[in-house]
Amino acid sequence: MRQIKEGIYWVGAIDWNVRNFHGHLTSRGTSYNSYLIRDDKVALVDAVKETFYPEMIQHIREIIEPTKIDYVVVNHIEPDHSGSLAKIMEVADKAEVIATERGRAGLKKYIGEDFDCTTITEKPQLSLGKNTLQFVATPMLHWPDSMVTYVREQKLLLSNDAFGQHYAFSGLYDDESNESILWEEAARYYANIVMPLWKVVLKALEALGGLDIEMIAPSHGAIWRKNPRKIVEAYRRWAEGQAAQKVVIVYDTMWGSTEMVAKALAEGVASEGVHVQLYRLSNSHVSDVVTDILDAKAVLVGSPTLNANLFPTVAYFLSYLKGLKPKNKLGAFFGSYGWGGGAKKSAEEELRAAGIELMESSLDFVFRPSKEELMRAVEFGKRVAKRVKGV
Ligand code: FEO
């Protein structure tokens, strides 16, 4: 039995082995955090992926008979949280489900047209006895139906996906986890899931700003109890597009020529005292690359031309990046071609579509870069670093 606040219990499940979360690499697994509030009335806030239902119901039974659940709050309908809802409702058959309007419409699609529930417009808050649940809609953070639940008397925010991390560990809290892993996973989660929604994040932070928050319990990963303001501030920093003096060079290479230029660029950037990180896409997952891009000021993308177009791994990366629309980034293309070219045009179109400000003309060259071309790349790297430093 894992009590996180008086009468409030974690009843979720840990998914140690999931490695792909709709295309996003989850090398440390995840958890589906579900919370049971035992008061005069009993409420379950969020549930788990369908396959983890037996674990959740066992945790609930350690505290209370599921038939005694009065309310099931669905902060978000994505199946990693609501996939087990139909099964819960078979045992908690008298419970009233609460969701947003968009949540109700979505649940009808997932569960069936006969399904119905109360919306937060009808019930913006709910007294359970000693505890009052206050519902705050956070549309598009990260689905239209999303909301959070604030337990007023306990100063507890049940934030669903917001402030989460795909991180399976045996503890419950931020201060029980490995701090550097926790922050790496919080950044990875933001970069791969939340990044394109920066306007929504800033709006949601404003809406949540009036709440007195002592603990944030998301639906994935660790509960923030040591310093919940720190993750809120990190979300603000990321949503505002604040960046470090850092350049990410991401490329692939066919016969090593584009890689030679990538390394020459890195040499130029580093010589100016700016941090630089290289990723060859054949050996790297796009989730890792965009996590590093989150707080980088510039992204340099390299690709050989293959069949008059981008190298396939680079095309995939740029398509992924375009969906995430990183904010306030500088960028440029570099790459090798044999005769007609083509990668440069496609890459620059994709970078623009990703919202990246293109720097001076790209570095493309025929076959192997000459000594002079490598020197040009070093100089180009220096100029990128100077822009990053703002000098
Ligand atoms: Fe964790 Fe959007 O579901």
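Counting starts at 1 for both ligands and their atoms, in listed order. This chain uses plain numbering: 1 for the first residue, then up along the sequence.
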Just checking: Asp80, one of its N/O/S atoms, less than 2.8 Å away from atom 1 (Fe) of ligand 1, yes or no? yes
Do any N/O/S atoms of His76 come under 2.8 Å of atom 1 (Fe) of ligand 1? no
Nearest to atom 2 (Fe) of ligand 1 - the N/O/S atom of Glu78, by atom name: OE1
Is the closest side-chain donor-acceptor distance between Thr100 and Asp145 under 3.5 Å? no
Distance only, no hydrogens: is a donor on one side chain within 3.5 Å (strictly under) of an acceptor on the other, for His142 and Asp161? yes
Knowing that exactly one of Phe163, Tyr189, Tyr190 qualifies, which makes a ring pair (Phe, Tyr, Trp, His ring centres under 6.0 Å) with Trp238? Tyr190
Would a single hydrophobic cluster contain both Leu321 and Val314, if residues Ile, Leu, Val, Met, Phe, Trp and Tyr are joined by side-chain heavy-atom contacts under 4.5 Å? yes
For the atoms NE2 of His220 and OD1 of Asp161, give the angle they form at atom 1 (Fe) of ligand 1, rounded to 10 degrees. 90°
Atom 1 (Fe) of ligand 1 has as its nearest N, O or S atom from His81 the atom NE2
So that I can tick it off, tell me whether Asp295 and Arg237 are bridged by a salt bridge, with the cut-off set at under 4.0 angstrom between side-chain N and carboxylate O. no
